[in-house]
Structure formats: C-alpha cells, structure tokens
Number of protein chains: 2
Amino acid sequence: MNDLHINISIESSFYCKDPESTELGKKIVQVGIELMDQLGYEAFTFKKLGVEINSNESSIYRYFESKHAFLVYLVNWYWSWIEYKLVFATANIVSAEERLKKSIELLTEEVKEDSSFTFINEVLLCKIINTESSKAYYTIDVDKENEKGFYKTYKRVVQRVCDFVLEVNPQFKYPHMLISTIIEGAHHQNYFSKHLPALTDVEEGKNNIVEFYLKLTKSVLSL
Amino acid sequence: MNDLHINISIESSFYCKDPESTELGKKIVQVGIELMDQLGYEAFTFKKLGVEINSNESSIYRYFESKHAFLVYLVNWYWSWIEYKLVFATANIVSAEERLKKSIELLTEEVKEDSSFTFINEVLLCKIINTESSKAYYTIDVDKENEKGFYKTYKRVVQRVCDFVLEVNPQFKYPHMLISTIIEGAHHQNYFSKHLPALTDVEEGKNNIVEFYLKLTKSVLSL
DNA sequence: GCATTTATGATAGTAATACTATTATATTTG
DNA sequence: CAAATATAATAGTATTACTATCATAAATGC
C-alpha cells in the first residue's frame with residue numbers, strides 16, 4: 001500500500017485554500033498535527049503554529065478560517081483515509097462476515113505506524129482523532145455544521161459498514177447504533193487505556209480492544 | 001423517591017466554597033446549569049452567569065476556581081446522583097441478572113423529568129452531561145486531574161455495575177470496557193438522535209437506545 | 001526580461017475570555 | 001455595637017481568535 005501514492009482528496013468546503021496545493025499549506029497541516037498533539041486542541045493556536053513553521057498567523061488564516069475548521073478538516077481527512085483503507089481491505093472478499101470482521105478491526109485498532117504515503121503523520125493524526133474529534137461535533141453549532149456537510153465523511157464510513165452488517169444479518173434493527181457505538185467506543189477505550197485505565201480491561205501488550213469489539217459484534221449479530 | 005429529600009454530598013475537592021452552603025452558591029449551580037445548556041460549554045462564562053443571577057463574576061470565582069472546575073463539579077454531582085439511584089434501584093433485588101438489567105436501563109435512558117428533590121434541574125443536567133461531559137476528561141491535564149480524583153465518582157459507578165456483570169458471568173473478560181462503552185455510547189446516541197440521526201436508528205417515540213444496549217449486554221454475556 | 005498577478009509576511013488593532021487583585025459595601029455573628 | 005465574613009464593584013492582565021491593511025517576495029504570462 002505504501003507504494004501506491006494515492007492521495008486523499010478533501011472537498012473544498014473544508015478549507016479556504018487547498019493546503020495540499022502549496023508547500024506552506026502542507027506544512028501547516030503537517031506541523032499543525034504535531035503541535036495539536038503536543039498542546040491539545042484548547043492550547044493549540046494559529047499564532048503558535050506560525051512561530052513553529054516560521055510563517056505568519058495571517059497566512060494560516062488564508063488556508064483555514066478558524067481553529068475549529070482546521071479540526072474539521074483533519075477529521076474529514078482521517079475518515080477519507082479510513083474509507084480508502086476500508087474499501088481496499090474489503091475488496092474482492094467474498095464472505096460478508098469476513099468483510100465485516102475486517103471492517104471492525106480497521107475501525108478499532110490503534111494505528112501504530114505511519115504509512116508515509118502522504119505528508120500527514122497518521123499515527124499522530126489518530127491520536128488527535130481519539131482525543132479531540134468529538135469536539136468537532138459537540139459544539140453549539142452542530143446542526144448548522146451538519147447541514148454544511150461537516151460530518152458527511154464520517155457518516156459515509158458508518159453507512160458502508162452498516163451495509164456489511166445488514167448483509168450478514170438483514171434482520172438486525174440497530175446497525176448504525178452498533179457501528180457508531182463501536183467507533184466511538186474504540187476511541188474512548190484507546191484513550192482510557194492510556195489515561196483512565198480503571199475504565200478499561202486493557203492488558204499490557206495485548207490488543208484487547210479489537211478483541212472485545214469483535215466479540216461484541218459477533219454475539220449481538222448471532223454469528 | 002421525591003419525598004426522600006436526600007441530598008447528594010459532593011467532596012470538598014470539587015469546589016473552593018461549598019455551593020450548597022449558601023443561597024448564592026445554589027443559584028450559581030442552578031442558573032449555571034440553565035445557562036450552560038443554552039450557550040454550550042464554550043460560550044458559557046462566569047461573567048454572563050453573573051449578569052444572569054445579578055451577582056458578580058468575582059463572587060462566582062469564590063465558589064469555583066474555573067469554568068472547567070465547574071463542569072467537573074457538575075459531572076461529579078451527576079455521577080453521585082446516578083450512584084444513589086443505582087444503589088436504590090438494585091437494593092433488595094435477589095436476581096443478579098435483574099440488577100444488571102436495571103443498571104443498564106438507568107445508565108442508558110434519557111432523564112425526562114426532574115425529580116425536584118434538589119435545587120438542580122436533572123433534565124438539563126443530563127443534557128449537559130450528554131453534550132459536555134467528555135470535555136471534562138478530554139483535556140491535556142487528564143493525568144494530573146485523574147490523580148486529584150476528578151473522575152473518581154464516574155469510576156466508582158462503572159465499578160459497581162462491573163460487579164453485577166461479573167456476578168452474572170464471572171468468566172467475562174471485559175466488564176469495564178463493556179460498561180464504559182455502554183455509558184459513553186448511550187450519551188453519544190442520545191446526542192446523535194437529536195443532531196446527527198444518520199448515526200443512529202432511533203425511531204420517533206420509541207426508546208431504541210435502552211433496548212439496543214440491553215440486547216447488546218445480553219448477547220455478549222450469553223444471557 | 002519585465003510587468004502583473006498572486007502568495008506570503010509583518011504589523012496593528014479589536015472584542016472577548018479567563019482570570020487576579022484591590023477596595024468598598026453589605027450582612028451576619030459573637 | 002464591633003468585628004468578622006460575604007458579596008459587589010471596579011480595574012487590570014495576558015491571551016485568544018480573529019480582521020484589516022500594507023509591504024514584499026515569488027511565480028507566471030506575454
């Protein structure tokens with residue numbers, strides 16, 4: 001996959017000026033991810049990012065209209081990337097059950113190596129998604145932003161996996177709840193395992209999280 | 001239960017001055033909940049709250065050291081209240097399975113009426129918990145705050161329900177994951193049903209959320 | 001190769017936030 | 001009634017999340 005040099009295309013509604021179109025734009029995203037990982041969403045500012053990349057706050061505002069918009073961009077990039085991996089991982093697999101299994105694995109495992117086929121460090125991006133992505137939709141402007149399509153990539157991924165669920169068990173009444181519960185759940189569990197271990201059962205070295213959600217899926221769908 | 005007039009006692013580490021000890025303190029919490037519900041966490045400020053209660057920003061700071069501390073107080077109040085309801089609802093019930101079922105119901109149902117046995121509007125508080133509570137622990141200072149015991153009430157509730165899980169199925173390896181997944185999941189689903197319905201399967205008038213998590217629990221524990 | 005467009009950088013400025021500090025004025029209590 | 005305590009009013013600070021303006025550098029078009 002590393003040799004494909006696919007690039008994730010992001011809709012123009014997620015930026016003012018396409019960051020992929022210039023060196024500065026790529027640097028904003030690349031170093032922006034590193035800095036947000038270090039400081040957390042709240043303490044991250046465009047001013048600090050400007051200093052870090054030897055550029056100017058005002059230049060960054062030409063790419064993203066706000067810090068929130070930058071987060072939304074990252075979240076959509078992440079889901080586009082997951083969608084790509086999902087389509088790739090389930091292509092040519094005959095068994096619907098196997099396709100679902102691969103999907104759940106993909107959605108729940110922690111990304112630990114950077115595929116480095118883009119300027120984005122996927123390991124850090126995933127850490128940010130785990131910790132900060134809910135802030136993209138837990139905002140007073142959700143409804144307005146939902147209308148603008150800010151969460152469409154996420155919804156599309158959920159729908160794809162729902163389709164697999166229904167192939168496996170067409171009678172199942174809660175495919176969306178199941179998949180969004182698993183996605184959000186896995187993000188929480190990854191975070192909890194590092195910071196609030198009393199809320200998990202993660203053991204050193206073992207990937208219990210994937211295991212747990214696979215088991216959950218199997219049992220609730222009677223597989 | 002309305003006649004009991006129990007009051008939820010909150011540890012002194014969650015405030016500078018006990019808001020329950022004065023009229024002003026109660027008003028801060030009571031109107032603070034209403035205002036945070038209206039504005040959302042980000043736009044909520046102590047200054048605006050001061051105007052609302054005809055008091056002063058500086059007076060509010062004598063009760064809570066920061067906006068974040070106020071949220072942490074509310075989250076702990078919520079979990080103390082849930083814990084009380086949990087203990088009450090499961091007392092004298094012989095069947096472990098039934099205790100677990102009641103617990104899951106309690107953790108996943110949306111609170112729709114105010115028990116009005118305190119100065120706190122529980123319906124609004126629950127809305128705030130659904131929308132804002134994750135911001136209490138998705139912060140760069142989690143580890144420090146966890147050490148200070150900021151999340152202990154939540155962890156205690158999870159542990160109580162875990163104990164029921166293990167009574168029902170002592171071999172089950174992931175009780176904490178299961179319960180924290182259900183709790184966070186139900187909060188997400190409640191929020192999604194109002195703002196991002198594409199991520200749920202909630203039907204008008206039906207409480208599918210409780211139903212889904214009950215089914216999930218039963219199947220994963222082979223009940 | 002030079003003019004023109006376009007991108008970037010530097011600087012300044014604004015309203016609001018999240019506080020802290022100080023002082024004044026009520027209110028309670030001993 | 002004095003002293004202690006709680007609350008209110010005011011001012012001030014550093015930072016945030018921007019917007020606006022102008023200068024300069026780089027790319028492109030003919």
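Convention: sequence-line order gives letters A, B, ...; per-chain numbering from 1. The model shown is predicted, which means the values in this text are computed figures rather than measured ones.
Within residues 57-64 of chain A, the residues approached by DNA chain D to less than 4.0 Å at the level of any non-hydrogen atom are A/Glu57, A/Ser58, A/Tyr61, in residue-number order. For residues 25-54 of chain B, proximity to DNA chain C is found at B/Phe44, B/Thr45, B/Lys48, defined as any non-hydrogen atom under 4.0 angstrom from a strand atom.
In this structure, the side chains of B/Glu145 and B/His68 come closer than 4.5 Å at one or more pairs of heavy atoms. Between B/Glu57 and B/Tyr61, the closest side-chain pair of non-hydrogen atoms falls below 4.5 Å.
Other residues, nucleotides and ligands contribute over 12 non-hydrogen atoms within 6.0 Å of the NZ atom of B/Lys135.
Across the protein-nucleic acid pair, A/Lys67 atom NZ and D/dA17 atom C1' stand 9 Å apart, rounded to whole Å. Whole-Å rounding puts the B/His68 NE2 to C/dT17 C1' distance at 17 Å. Here the P atom of nucleotide C/dC19 and the CZ atom of B/Phe70 are 13 Å apart, to the nearest Å. Across the protein-nucleic acid pair, A/Leu24 atom CG and C/dT8 atom C1' stand 7 Å apart, rounded to whole Å.
The two residues A/Glu52 and A/Val31 make their nearest non-hydrogen contact at CG-CG1, 3.7 Å.
Distance check: A/Glu20 CD to A/Asp18 CG gives 5.5 Å after rounding to the nearest 0.5 Å. Within the model, atoms CD1 of B/Ile128 and CD of B/Gln38 stand 10.0 Å from one another, a figure rounded to the nearest 0.5 Å.
The closest donor-acceptor contact from the side chain of A/Lys27 to the backbone of A/Asn54 lies at 3.5 Å or more, if one exists at all. In this structure a side-chain-to-backbone donor-acceptor pair under 3.5 Å is present from B/Asn190 to B/Ala186. Formation of a donor-acceptor pair under 3.5 Å by the B/Tyr151 side chain with backbone atoms of B/Ala136 is found in this model.
For A/Phe150, the ring pair (Phe, Tyr, Trp, His ring centres under 6.0 Å) test picks out no residue, with sequence neighbours left out.
In this structure, B/Lys67 is positioned above the aromatic face of B/Tyr41, its NZ or CZ under 6.0 Å from the six-membered ring centre and within 45° of the axis.
Distances shorter than 4.0 Å separate some side-chain N or O of B/Ser55 from OP1 or OP2 on D/dA8. Applying the 4.0 Å criterion to OP1 and OP2 of C/dT6, one finds that A/Lys17 has every side-chain N and O outside that range.
Salt bridge annotation for B/Lys102-B/Glu105: absent, with no cationic side-chain nitrogen under 4.0 angstrom from a carboxylate oxygen.
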Mind listing the side-chain donor-acceptor pairs of residues 175-184 of chain A below 3.5 Å, one per line with the distance, residues two or more places apart or on another chain?
{"from": "A/His176", "atom 1": "ND1", "to": "B/Asp201", "atom 2": "OD1", "distance (Å)": "2.6"}
{"from": "A/His176", "atom 1": "NE2", "to": "A/Gln159", "atom 2": "OE1", "distance (Å)": "2.8"}
{"from": "A/Ser180", "atom 1": "OG", "to": "A/His176", "atom 2": "O", "distance (Å)": "2.9"}
{"from": "A/Ser180", "atom 1": "OG", "to": "B/Gln189", "atom 2": "NE2", "distance (Å)": "2.8"}
{"from": "A/Ser180", "atom 1": "OG", "to": "B/Leu199", "atom 2": "O", "distance (Å)": "2.9"}
{"from": "A/Thr181", "atom 1": "OG1", "to": "A/Met177", "atom 2": "O", "distance (Å)": "2.6"}
{"from": "A/Thr181", "atom 1": "OG1", "to": "B/Gln189", "atom 2": "NE2", "distance (Å)": "3.4"}
{"from": "A/Thr181", "atom 1": "OG1", "to": "B/Tyr213", "atom 2": "OH", "distance (Å)": "2.7"}
{"from": "A/Glu184", "atom 1": "OE1", "to": "A/Tyr137", "atom 2": "OH", "distance (Å)": "2.8"}
{"from": "A/Glu184", "atom 1": "OE2", "to": "A/Tyr137", "atom 2": "OH", "distance (Å)": "2.8"}
{"from": "A/Glu184", "atom 1": "OE2", "to": "A/Tyr154", "atom 2": "OH", "distance (Å)": "2.5"}

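One axis for each end of the helix from C/dG1-D/dC30 to C/dG30-D/dC1, each built from five base pairs, and the angle between them comes to 10° at 10° resolution.
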- [ ] Give the B/S/- string for nucleotides 25-30 of chain C, one per nucleotide from 5' to 3', where a protein heavy atom under 4.0 Å of the base yields B, of only the sugar-phosphate yields S, and otherwise -.
- [x] ------

